[in-house]
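Heavy-atom basis, side chains included; hydrogens, waters and symmetry copies ignored. In this text, all values refer to a predicted model and were calculated from it rather than measured experimentally. All ligand and atom numbering here is 1-based and tracks the order in the structure.
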Amino acid sequence: MDKTTLAYWQKKAAALAIEGRAFIDGEYRAAESGRTFDCVSPIDGKGLAQVADCSDADVNTAVSAARRAFDASVWSGLNPRQRKAKLLKWAALMREHLDELALLETLDAGKPIGDTTSVDVPGAAYCVEWFAEAIDKVGGEVVPADHHLVGLVTREPLGVVAAVVPWNFPILMASWKFGPALAAGNSVVLKPSEKSPLSAIRVAQLALEAGIPAGVFNVVPGGGEAGKLLALHRDVDCLAFTGSTNVGKLIMQYAGQSNLKRVWLELGGKSPNIVLPDCPDIDRAAKTAAGAIFYNMGEMCTAGSRLLVHRDIKDVFLDRLIDAARGYIPGNPLDPDTSMGAIVDQLQLDRVLAYIEAGRAEAKLLHGGSRVQQDSGGFYIEPTVFDVSQHDAKIAREEIFGPVLSVITFDSIDEAVKIANDSDYGLAAAVWTSNLTTAHEVARRLRAGTVWVNCYDEGGDMNFPFGGYRQSGNGRDKSLHALEKYTELKSTLVRLR
Ligand code: NAP
Ligand code: MG
C-alpha cells in the first residue's frame, strides 16, 4: 500500500499492538498497585491504551535495578567501543521500526506523521548514534603538575540518571537525555509524560534486543508524581529534566530536600524573532516566522512566539506572514499531507484557548483564533496571530505552547534588543538583517542559548549545544558538552617518589 495516503496509516494504526506496561530490569511489568491511566489520542479523543501508573514501589524497583546494573559494571565497565556497538544496534532497530514508532508518536501526541517519520524518530536514532560514535573518541587529560606528580583528569559516569521529559517531542527529547547518559556509562530511569508515554515504552524493548543489559535502561510511565519520586529519590545521582519552568523550580527543591542530586533543566521559552528593515528576503523571513510558531502546533520550546517587526516593513511583512499562516491547516495528523496536527490533549487545548481569549481582550486578532475540527472529537486550533501594542501583554510574556503568535512593533535596534531581552526566558532568538556587523552585534546582545541569523530552527545536527539562559534552564543538551552533565570530573594525582 501507498505510504503517502491516510488510508495506509489508518490501517496500520488499527493493526498496532500497543504496550502500556512499565519496563523495569529488562521486562515489561504492570504497576505494582495494578493502577493504570487512560492514554488518549488527541486525533479523535479516543482511548489508545491503558498505561501503567507507576508510583513509589515501581520507582524504587526501577532505581534499584538501575543501581544494581551500575554497581555490577555490566554497562559502565564495558570498553566504550562495546557500548558504542550496542547503542548503534539500538539506533538501527529504531530505524528498522521507524513506521511503528512514528505511528505511536503521532497517535499519542497528535504530531503529523510526516514529521514523526522524518524528524522525531530518525532524530532520536541519530542522537543515539552520535553519542555512540563519540564515546570511544573522547579521553581525559594529563595536566601540568609538579615534576614528582602525574596528574590525570578523567570523566566517570555518575551512576543512576533519571530523565523526566515532556510530550512535545516525546522520543526525541528523551533521546537527548538517554543518548549521552548511556554512552557515558550510566544507568537510566526514564519517566515520559503521561500525555505521550508510548514511544518510550516501545524503545525500551528494542534496547534490550540491542544487547543493552537488563536494568541499564528502564521506563516508568506515570504522572508528575512519578517524576517527583525520582527527583526526591536518594539513590538517583542526577535528574535530567525537560519541561516547564514551574516544574523545573520544584525539581531543584526536591534535589535540595533529598540528596543534592545533579539537576539539569531544559525549560520554557518565549523566543523573540527580530526582523530589521534590511531583512535580506522578506518572503522567506515571513514563511520562516510562520514555521517558527506554527510548526508542531506551536508546541515548541524554541517557538518564535514573539515576532518583533520594524515599523517600516510591518504591513508588507504581516501580509506575507498571514499568507504563510494560511498554509497551516489543522487536520488529521495520520494524513501525510497534514502540516498541522492536534494539540496534545484537552487540558492543553483549554490552556491555549484561554490565552487566545486573553489575547482578544488585550491585543488585535489578525488571524485565526478558533478551535476547529470539533466533530472529529480531537483537539485542533487554527494558527493564530495577534498584533500586540504592549510588549509586556500577557500573551506576549507568558509561554503559551500553542499556535499563537504575538507581533510586536519597534522603531530602533536598541528598542528591539531591549524588548527581546525583557523576558524571564532566554532559550532562543533570531535576527534578520543584511548587515554582517549588525547581525553579530545584535547576536551578541541577545541573552539566549541559541541565536539564529537570517533563519530559525536551523541546526538539526548534534554539534550545537542546546539549552537556555536565565529561567530557560541550565546545562546543555546535544554536542559533546552534554557529556559534562552525565559525568563527574576526577583529578587523580600520582606521586612518583
Ligand atoms: P511539564 O508539565 O513541566 O512536565 C514535564 C515532565 O515533568 C512530565 O513528564 C511531567 O509529568 C513531569 N512532572 C510534572 N510535575 C512534576 C513534578 N512535580 N515533579 C516531577 N516531575 C513532574 O511540561 P510539559 O507540559 O510536559 O512540557 C512543556 C514544557 O516543556 C514547556 O514549558 C516547554 O517549553 C518545555 N520544553 C523545553 C524544552 C527545552 O529543551 N528547553 C524542550 C521541550 C519542551 P506528566 O506530564 O506526566 O504530568
Ligand atoms: Mg497522548
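The Mg ion (ligand 2) has no N, O or S atom of Pro42 closer than 2.8 Å. Residue Asp345 does not count as close to the Mg ion (ligand 2), with no N, O or S atom under 2.8 Å.
Distance screen at 4.0 Å: atom 47 (O) of ligand 1 has a protein heavy-atom neighbour inside the cut-off.
Ion pair Arg397/Asp422 not flagged as a salt bridge, since none of the NZ, NE, NH1 or NH2 atoms sits closer than 4.0 Å to an Asp/Glu carboxylate oxygen. Remark: Lys195 does not engage Glu299 in a salt bridge, criterion side-chain N to carboxylate O under 4.0 Å.
For Leu347, the CG atom is loosely surrounded, since the number of other residues' heavy atoms within 6.0 Å does not exceed 12. Within 6.0 Å of atom CD in Gln390, 12 or fewer heavy atoms from other residues, nucleotides or ligands are found, so the atom counts as exposed in its surroundings.
At least one test fails for Lys261 against the ring of Tyr254: distance under 6.0 Å to the centre or angle within 45° of the axis.
On a distance-only criterion, Gly222 and ligand 1 share at least one N/O pair closer than 3.5 Å. Close N/O approach between Ser472 and ligand 1 is not found [any backbone or side-chain N/O within under 3.5 Å]. Considering backbone and side-chain N/O of Asp477, none are found under 3.5 Å from N/O of ligand 1. For ligand 1, the polar-atom distance check finds no N/O of Thr245 at less than 3.5 Å from any of the ligand's N/O atoms. Not one N or O of Asn168 is nearer than 3.5 Å to an N or O of ligand 1, by distance alone. Considering backbone and side-chain atoms together, Val164 places no N or O closer than 3.5 Å to any N or O of ligand 1. Considering backbone and side-chain atoms together, Val165 places an N or O closer than 3.5 Å to an N or O of ligand 1. Here's the thing with Leu427: none of its N/O atoms is less than 3.5 angstrom from an N/O atom of ligand 1.
Atoms of ligand 1 lying under 4.0 Å from at least one heavy atom of Gly227, given by number and element, are 19 (N), 20 (C), 21 (N). Taking every heavy atom of Met173 and a limit of under 4.0 angstrom, the matching atoms of ligand 1 come to 42 (C), 43 (C).
Atom 2 (O) of ligand 1 has as its closest protein heavy atom Ser244 OG, 3.9 Å.
The aromatic rings of Phe23 and Tyr28 sit perpendicular to each other, their planes meeting at more than 60°, with 30° as the lower class boundary. Note: Phe178 and Trp90 have tilted aromatic rings, judged against thresholds of 30 and 60 degrees for the angle between ring planes.
The shortest heavy-atom distance from Tyr254 to ligand 1 is under 4.0 Å. Lys195 does not count as a contact of ligand 1, since none of its heavy atoms falls under 4.0 Å from the ligand. Residue Phe466 places a heavy atom less than 4.0 Å from ligand 1. Look at Gly468 and you'll find every heavy atom at least 4.0 Å from all atoms of ligand 1.
Tyr456 contributes a side-chain N or O that, together with a main-chain N or O of Thr302, makes up a donor-acceptor pair within less than 3.5 Å.
Between the side chains of Glu105 and Thr116, no donor-acceptor pair of N or O atoms lies under 3.5 Å.
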